[in-house]
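Scope of the values below: all heavy atoms of this structure, side chains included, with no hydrogens, waters or symmetry mates. In what follows, every chain begins at residue 1, and chains take the letters A, B, ... in the order their sequences are listed.
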Amino acid sequence: MFLAMRTAVEEALGETLAELGYPTDDLGIERPPEDVDAVLASSVAFRLADRAGAPPPAVANEIAEAFETETCAYVGRVETRGPYVNVHPGEQYFAETLAASQDTQYGRLEPRDRRVVVEHTSANPTGPVHVGRARNPVIGDALARLLEYAGYEVKRHYYVNDAGRQIATFTWAYETFDESELPEPERDSPEYDLVRYYRKGNTYLEAADPAAVETAESEIQTILQGLEEGDEAVYERVSDVVEDVLAGMRETLARLPAEFDEFVKETQFMRDGSTDDVVARLKDSEWAVYEDEAWQLAFPDIDKNLVFLRADGTSLYTTRDIAHHEWKFEHFDEAVTVLGEDHKLQAEQLRATLGLLGHDTDRLSTVHYSWVNLPEGGMSTREGTGIDLDDLLDEAIDRARGEVENRLGDRIREDDLDEDDVERIAHQVGIGAVRYDIVAQQPTKGITFEWERALDFEAQSAPYVQYVHARTCGILEQSELDGKHPETGRVDGAAAVDGTAVDSERLSSEAERDLLRTIARFPAVIDSGADELQPHVVATYTRDLADAFNVFYRECPVLGAKADTKRARLALVVAAKHTMANALDVLGVAAPESM
RNA sequence: GGGCGUGUGGCCUAGUGGACAGGGCGAGAGGUUCCUAACCUCUCGAUCGCGGGUUCGAAUCCCGCCACGCCCGCCA
């Protein structure tokens, strides 16, 4: 409703200004502050004051009076407050919001028929996922979900670096060292098992005597050359290691949960000849230079050449990534990549190169995030420093379980949680808290990892907003209009109340109106969040929604109200439940039915 | 040295041109015969890094400076 109303107001305001002889290029439409109960406002009077030769409040009045309220959808009345023109919604706005939000799919926008590939995580398959990179899958997965809600056809890709030097080193180390030389693995999972060889190999290359290192280096070079030439046998050797490590990493990521539609291997673009093809075209391009026996691109706007073919004739990561992105452009309308801030220059060079090759680079977007560091510094798989994501999640679940058990004693509600419930809640809250904490922040801000902060369940955390969802479920479960789903036995809001039959005018208190106004905004949050690729705005929204619901919860008893009021309030609770459930779904955070 | 990013009460954070900078943590005071107190109410606390500028209006835009992070590889 909010989106429709905004469109209508934009149109009507434009017409109003035109009639009065004012320019219509900047309507100054914005969202008013919290204490103003209008839904939309315009500050255009400020800018027109000079031209009108009148003070802003007078101009605002002139506009408000000329505004044709009757013909404008969803608008109830237009008033001024000082220089601002405030637009208040009419009853239809509330009625339709209430009706629309009875649908469990509330918040999903119309399909756009646009295919988007979201590439995220893409961590090198060298060992366990650590929290230094945990931002990537959390942001990436939330972004993919957000785009789906916004109506895009979304695929999630993990780009597997299976062709680089690190992987060659890994393969060599795996084939060279014996398990007896290694420490016990930290967990019973393939990536924890195999990373020991990788670390051992790197230590060896740093510390062994020069002759031994040279032998090792030549073996690593052989592997790299083999991959470059498309040698099947070498590919199989590397693949053994990569597949095992990746399988373990996938399991960890699935806990977040972050899952992928496709794992795209870098070697694919070497084997199918597309990298060679890119090299050939780049050599012919206007920015190509041959310097120091290597082919490079000298960008007009970037103060750093990109080597795309080494002196020894082999390709580089970025060269293959160019082929990779041409492949994306063939199969998708838009490509979004989530990358660490350390990849910024590379991303700029990639974009510029794609432009050089004649592609429309507006189709490519990059979301950068900054690292999660430890107080003592960065995290590294190779050096074995850092916190494993598995450990963080386990600890989060343990602490959440402790919280649930603590609260069990002084629980008012008599719904005896059994052991399975406790375990379910511990998982939903524990993992939800970690994920919410990451997704709620602007990705560009640096984070220093601290256990206490990451696992704080008070604060503005997942449990706070999850609790609201649990409360809505609790009310619905106890309502006489109880509409349990015939198969799952769960509370199904849409079955409990038919919102279209409910009179929204019964929801006339400030608390009810506020909640409804907040619910009405949800589709607009999805729209702008997707547009700007900012999932964190959805997290901010869940807090607004939780605040509004909590006020309503305090002020307006539902189950004890008289029949008609109760019916209307139940519809509002259903609306809040769907909105919160879907907002949490966008964030990839579980929506507990009890906690 | 150059490029990019970040800087908001003691701590964390929202807000990228408009209404007294919104929350949370913390500290203090209250609230449960009533739908879950992982909740709510009130109080305390901010020269929005510093200095200039543009504008009717700046946390937000521009310039300079400071601090921190990242990058500047024929690694990925």
Side-chain angles (χ1 to χ4, degrees), chain A residues 28 30 32-36 41-47 49-50 55-56 81-84 86 122 124 126 161 163-167 266 291-296 302-305 307-312 314-318 320-321 340-346 348 368 370-371 373 378 400 403-404 406-407 410-415 425 429 437 440-442 444-448 450 453 456-468 470-479 536-537 539-540 543-544 546-547 550-551 553-561 566 569 573 594-595:
Chain A
E30 57 199 57
E34 248 176 80
D35 58 324
V36 177
S42 172
S43 58
V44 73
F46 281 112
R47 284 178 289 284
D50 206 29
R81 180 151 144 191
Y84 296 94
N86 290 331
S122 302
N124 290 339
T126 50
N161 301 324
R165 201 196 131 76
Q166 294 166 12
I167 295 304
E266 200 175 336
E291 276 175 22
D292 303 323
E293 299 179 341
W295 280 94
Q296 322 191 3
I302 301 174
D303 191 26
K304 182 71 201 167
N305 279 10
V307 173
F308 63 89
L309 194 65
R310 290 191 186 99
D312 66 6
T314 58
S315 63
L316 291 91
Y317 170 84
T318 308
R320 292 169 226 134
D321 205 24
E341 61 178 344
D342 54 330
H343 282 65
K344 264 188 185 172
L345 175 61
Q346 184 257 321
E348 261 178 71
H368 291 281
S370 69
W371 296 109
N373 287 320
E403 285 294 321
V404 179
N406 266 342
R407 291 164 203 274
D410 43 41
R411 217 176 145 78
I412 291 174
R413 198 176 160 83
E414 295 171 13
D415 62 347
I425 296 166
V429 169
D437 185 55
Q441 288 191 56
Q442 292 208 42
T444 46
K445 293 216 177 195
I447 298 181
T448 300
E450 290 160 60
R453 188 182 129 64
D456 186 359
F457 297 146
E458 306 288 321
Q460 295 174 315
S461 62
Y464 174 71
V465 292
Q466 288 175 314
Y467 190 56
V468 166
R471 274 180 157 174
T472 61
C473 292
I475 293 172
L476 294 175
E477 198 179 16
Q478 289 171 64
S479 74
H536 84 269
V537 301
T540 305
R543 288 202 275 260
D544 290 345
D547 290 343
N550 283 329
V551 172
Y553 184 85
R554 187 184 73 240
E555 306 278 337
C556 308
V558 177
L559 300 178
K566 177 175 171 179
R569 286 183 179 169
V573 172
S594 67
M595 59 187 280

Considering only NZ, NE, NH1 and NH2 on the basic side and carboxylate oxygens on the acidic side, decide whether A:Asp35 and A:Arg81 come within less than 4.0 Å. yes
Please report the distance, rounded to the nearest Å, between CG in A:Leu559 and P in B:C34. 13 Å
Nearest-angstrom distance from the residue atom CG of A:Asn373 to C1' of B:G69: 8 Å
Length of the line joining A:Arg310:CZ and B:G73:P, which is rounded to integer Å: 14 Å
To the nearest angstrom, how far is A:His343 atom NE2 from B:C75 atom P? 15 Å
Among all residues two or more places apart in sequence or in another chain, which pass the ring pair (Phe, Tyr, Trp, His ring centres under 6.0 Å) test with A:Phe46? A:Tyr84
Please determine whether a side-chain nitrogen of the Lys or Arg among A:Lys344 and A:Glu348 lies less than 4.0 Å from a carboxylate oxygen of the Asp or Glu. no
Is it the case that B:A19 (base atoms only) and A:Asn86 (side chain only) share a donor and an acceptor within less than 3.5 Å, ignoring hydrogens and angles? yes
Scan every strand shown for a Watson-Crick or G-U wobble partner of B:G1, both distances under 3.5 Å, and answer none if you come up empty. B:C72
Which letters describe nucleotides 2-7 of chain B, given B = protein heavy atom under 4.0 Å from base, S = only from sugar-phosphate, - = neither? --SSSS
Any donor-acceptor pair under 3.5 Å from A:Asn124 side chain to A:Thr126 backbone: no
Are OP1 or OP2 of B:G31 and a side-chain N or O of A:Arg554 less than 4.0 angstrom apart? no
Whichever of A:Asp547 and A:Arg543 has the more 5' nearest nucleotide on RNA chain B, that residue is A:Arg543
In whole Å, I'd like the distance from the CD atom of A:Gln466 to the P atom of B:A38. 13 Å
Now, which nucleotide makes the Watson-Crick or G-U wobble pair with B:C61, with each of the two distances under 3.5 Å? B:G53
Check nucleotides 56-60 of chain B for protein N or O atoms closer than 3.5 Å to its own N or O atoms and list the pairs.
none

Within the distance-only criterion (no hydrogens, no angle test), does the side chain of A:Arg543 pair as donor or acceptor with the backbone N or O of A:Gln460 below 3.5 angstrom? yes
